[in-house]
Amino acid sequence: MKFFVDSADLNAIAALNDIGLVDGVTTNPSIIAKSGRDFKDVIAEICKITEGHVSAEVVATDAEGMIAEGRHLRKIADNVCVKLPLTMEGLKACNTLSREGTPTNVTLCFSPNQALLAAKCGATYISPFIGRLDDITLDGLELIEDIRTIYDNYGFETEILAASIRNVNHVKDCALIGADVITAPPAVIENLSKHVLTDKGLEAFMKDWAATGQSIL
Ligand code: G3P
């Protein structure tokens, strides 16, 4: 499973990258707005932290505009992945850009049929949003399961990039289902390491070791 960081926080991305937990980064217009940074500058800086794909989302809504923006974004760095909304115009742009060899991430996916279209249009990644489905009492993980079944039925190479990940259980369940990638905020990735029994066990080890009066170095 690949881990992508869903953030434009350079310090957080670098810290996770130092541990080997960054296979890529995803951003979207809301994440960029929250960063307060210039879009192209922050994407360029992220692309220097990781060699993995860095998703940069177009903001045009027509295919011609998306293609032009995508080609422009690709000039920032070789590992820029063009993020496109799951609309007919976005799928048209995906088909063109993918044929040019541009990595594409089709986003705002909320149904298996949408994911099927993205795969047929050559998307590198499909981004189904788990949390936003859960938010309206639907089952986000069921969508991941359905896409996994459909893609495996036909051997589609599009990678399932599970997004809108809100907690560690989403990560576990995506791993059990077989999502190719999860993209999550830095805090969720950090929380994956935490368990109360680990903390208690380490505390007991340190206490018992201290009582020996020994040192390793
Ligand atoms: O990559 C998509 C992700 O940023 C959306 O997450 O929590 O805004 O639904 P969220």
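Sequential numbering from 1 along the given sequence is applied to the chain's residues. What you see is a predicted model; the values in this text were computed from it and never measured. Note that these values count all heavy atoms, side chains included, but never hydrogens, waters or copies made by symmetry. Just follow the structure's listing: the first ligand is 1, and inside any ligand the first atom is 1.
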With nothing but distance in play, are any N or O atoms of Thr26 less than 3.5 Å from an N or O of ligand 1?
no
Ion pair present between Arg37 and Asp9, side-chain N to carboxylate O less than 4.0 angstrom?
no
Which of the numbered atoms in ligand 1 are under 4.0 angstrom from any heavy atom belonging to Lys83?
1 (O)
When you measure from atom 6 (O) of ligand 1 to every protein heavy atom, which one gives the shortest distance, and what is it?
Ser164 CA, 3.5 Å
Quick one: nearest non-hydrogen protein atom to atom 7 (O) of ligand 1, plus distance?
Arg166 NE, 2.9 Å
Rounded to the nearest 0.5 Å, the CD atom of Glu45 sits from the CD1 atom of Ile76 at a distance of 11.0 Å
Below 4.0 angstrom, N of the basic side chain to O of the carboxylate: do Arg166 and Asp135 qualify?
yes
Please work out, at 4.0 Å between heavy atoms, whether the side chain, the backbone, both, or neither of Glu57 comes within that distance of ligand 1.
neither
Quick test of your reading of the structure: of Thr183, Asp6, Ile130, Thr27, whose heavy atom lies closest to atom 4 (O) of ligand 1?
Asp6
The answer for which part of Asn28 has a heavy atom under 4.0 Å from ligand 1 is side chain
Hey, mind stepping through Arg132 and Leu108 against side-chain contact (heavy atoms from CB on, under 4.5 Å) and telling me if it holds?
CA-CA 10 Å; Arg132 295 193 189 185; Leu108 289 169; 4.1 Å; yes
Report yes if the side chains of Leu143 and Phe129 come closer than 4.5 Å at any heavy-atom pair, otherwise no.
no
Please find out if less than 6.0 Å separates the ring center of Phe4 from that of His53.
no
Sub-4.0 Å atoms of ligand 1 with respect to non-hydrogen atoms of Phe129
2 (C), 5 (C)
Give the numbers and elements of all ligand 1 atoms closer than 4.0 Å to a heavy atom of Arg132.
5 (C), 8 (O), 9 (O), 10 (P)
Flag the pair Glu100 and Arg71 as a salt bridge only when some basic side-chain nitrogen lies within less than 4.0 angstrom of an acidic carboxylate oxygen.
yes
